Trainee: 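Starting off with a structure, shown below.
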Amino acid sequence: TFGAPRAARADSAFLQSLRTAESDLAASDGSTVLSSINALLELATDYSGMPSDELRKELMERVLAKRAALKAQGGWDEGSYGEKEEQFLRLQRAVDPWRVTELQGPASLAILGFGPVYLGLLAVQVPPP
């Protein structure tokens, strides 16, 4: 199906593999999370990302939640360096290279702050009477 949209090419085998890898991630702990991330990375690499925005968002939210939970429990790498963090970043680059999932919330609120900031900049530029 050359030229077909990626969402249309998503086959049941891929989706089944993705669901299995996601359930493995959910069941993993600090000692087994790396193999779960590697399995997801392999799927994402083989498929050149996710076939739809919904799958991308769903996967990244689950991985970010697992990362946060393990960090809270001390099961993740200390600081921002380590094997788990590096594999997480590789997975993120493969699935969500522009970090849309992570930045979508703050970016959607940026438009609300634009008006006051713009008015403030205009007020600063107006010379005092």
Side-chain angles (χ1 to χ4, degrees):
T1 60
F2 182 74
R6 288 192 309 173
R9 293 190 320 226
D11 59 1
S12 62
F14 172 79
L15 291 175
Q16 183 177 5
S17 298
L18 179 62
R19 297 299 179 216
T20 301
E22 284 178 338
S23 66
D24 290 346
L25 176 70
S28 66
D29 59 10
S31 62
T32 59
V33 72
L34 191 57
S35 62
S36 299
I37 291 174
N38 286 336
L40 289 166
L41 177 60
E42 185 177 334
L43 275 173
T45 303
D46 289 348
Y47 201 75
S48 300
M50 291 291 112
S52 69
D53 288 340
E54 293 82 20
L55 285 174
R56 175 188 44 82
K57 181 179 180 190
E58 175 187 315
L59 176 61
M60 287 312 301
E61 285 175 350
R62 289 182 182 185
V63 173
L64 286 167
K66 186 60 158 185
R67 177 180 172 229
L70 288 175
K71 277 188 172 186
Q73 298 170 357
W76 197 260
D77 302 323
E78 291 297 320
S80 53
Y81 299 104
E83 191 174 8
K84 293 172 190 166
E85 186 69 17
E86 288 296 320
Q87 285 303 94
F88 163 74
L89 292 173
R90 284 188 184 105
L91 175 64
Q92 187 177 42
R93 282 190 295 273
V95 174
D96 191 12
W98 294 100
R99 299 176 78 168
V100 173
T101 305
E102 237 178 329
L103 299 175
Q104 191 169 14
S108 67
L109 298 176
I111 193 71
L112 298 175
F114 175 75
V117 170
Y118 182 70
L119 292 175
L121 289 173
L122 286 177
V124 170
Q125 293 178 0
V126 174

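Bear in mind that the values here come from a model prediction, so they are computed numbers and not experimental data.
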Trainee: Would Thr32 and Asp29 count as having a side-chain donor-acceptor pair, cut-off 3.5 Å?
Mentor: yes

Trainee: Is there a path from Met60 to Tyr47 through hydrophobic residues (I, L, V, M, F, W, Y) whose side chains come within less than 4.5 Å of each other?
Mentor: yes

Trainee: List for me each residue that meets side-chain contact (heavy atoms from CB on, under 4.5 Å) alongside Leu103, sequence neighbours excluded, and say none if there are none.
Mentor: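 By the side-chain contact (heavy atoms from CB on, under 4.5 Å) rule, Leu103 matches Arg99.
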
Trainee: Tell me whether Val100 is reachable from Leu89 by hopping between hydrophobic residues (I, L, V, M, F, W, Y) whose side-chain heavy atoms are closer than 4.5 Å.
Mentor: no

Trainee: Is Glu86 atom CD crowded by more than 12 heavy atoms from other residues, nucleotides or ligands, each under 6.0 Å away?
Mentor: yes

Trainee: Between Ile37 and Phe14, is there a shared hydrophobic cluster once you connect ILVMFWY residues whose side-chain heavy atoms come closer than 4.5 Å?
Mentor: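 Hydrophobic grouping puts Ile37 with Phe14.
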
Trainee: Please assess Lys84 against Lys71 for the test side chain to side chain contact (heavy atoms under 4.5 Å, CB included), listing each intermediate value before the final yes or no.
Mentor: CA-CA 11 Å; Lys84 293 172 190 166; Lys71 277 188 172 186; over 6 Å; no

Trainee: Have a look at Thr101 and tell me which of Lys57, Arg56, Glu61 forms a side-chain hydrogen bond (donor to acceptor under 3.5 Å, both in side chains) with it.
Mentor: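 So the option named by the test is Arg56.
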
Trainee: Run the numbers on Glu58 and Met50 for side chain to side chain contact (heavy atoms under 4.5 Å, CB included), then give the verdict.
Mentor: CA-CA 10 Å; Glu58 175 187 315; Met50 291 291 112; over 6 Å; no

Trainee: Would you give the length of the straight line joining atom CZ of Arg62 to atom OG of Ser23, rounded to the nearest 0.5 angstrom?
Mentor: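 With rounding to 0.5 Å, CZ (Arg62) is 9.0 Å from OG (Ser23).
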
Trainee: Going by atom types alone, do Gln16 and Arg19 pair a side-chain donor with an acceptor below 3.5 Å?
Mentor: no

Trainee: Would you call the rings of Trp76 and Phe88 parallel, tilted or perpendicular, where under 30° means parallel and over 60° means perpendicular?
Mentor: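 It falls in the perpendicular class, over 60°.
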
Trainee: When you check the gap from the basic side-chain N to the acidic O, do Glu22 and Lys66 get nearer than 4.0 Å?
Mentor: no

Trainee: Give, for atom OG1 of Thr20 and atom CG of Leu43, the distance between the pair rounded to the nearest 0.5 Å.
Mentor: 9.0 Å

Trainee: Between Val95 and Leu41, does the side chain to side chain contact (heavy atoms under 4.5 Å, CB included) criterion hold? Intermediate values first, please.
Mentor: CA-CA 8 Å; Val95 174; Leu41 177 60; over 6 Å; no

Trainee: Looking at Ile111, I'd like to know if its CD1 atom is crowded, meaning that more than 12 non-hydrogen atoms belonging to other residues, nucleotides or ligands lie closer than 6.0 Å.
Mentor: no

Trainee: Ignoring hydrogens, what is the shortest heavy-atom contact between Leu40 and Ala21? Give both atom names and the distance.
Mentor: CD2-CB, 3.4 Å

Trainee: Any idea which heavy atoms bring Glu102 and Leu64 closest together, and the distance?
Mentor: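 For Glu102 and Leu64, the tightest heavy-atom pair comes out as CG-CD1, 3.9 Å.
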
Trainee: Please walk me through it: do Leu59 and Asp96 pass side chain to side chain contact (heavy atoms under 4.5 Å, CB included)?
Mentor: CA-CA 9 Å; Leu59 176 61; Asp96 191 12; over 6 Å; no

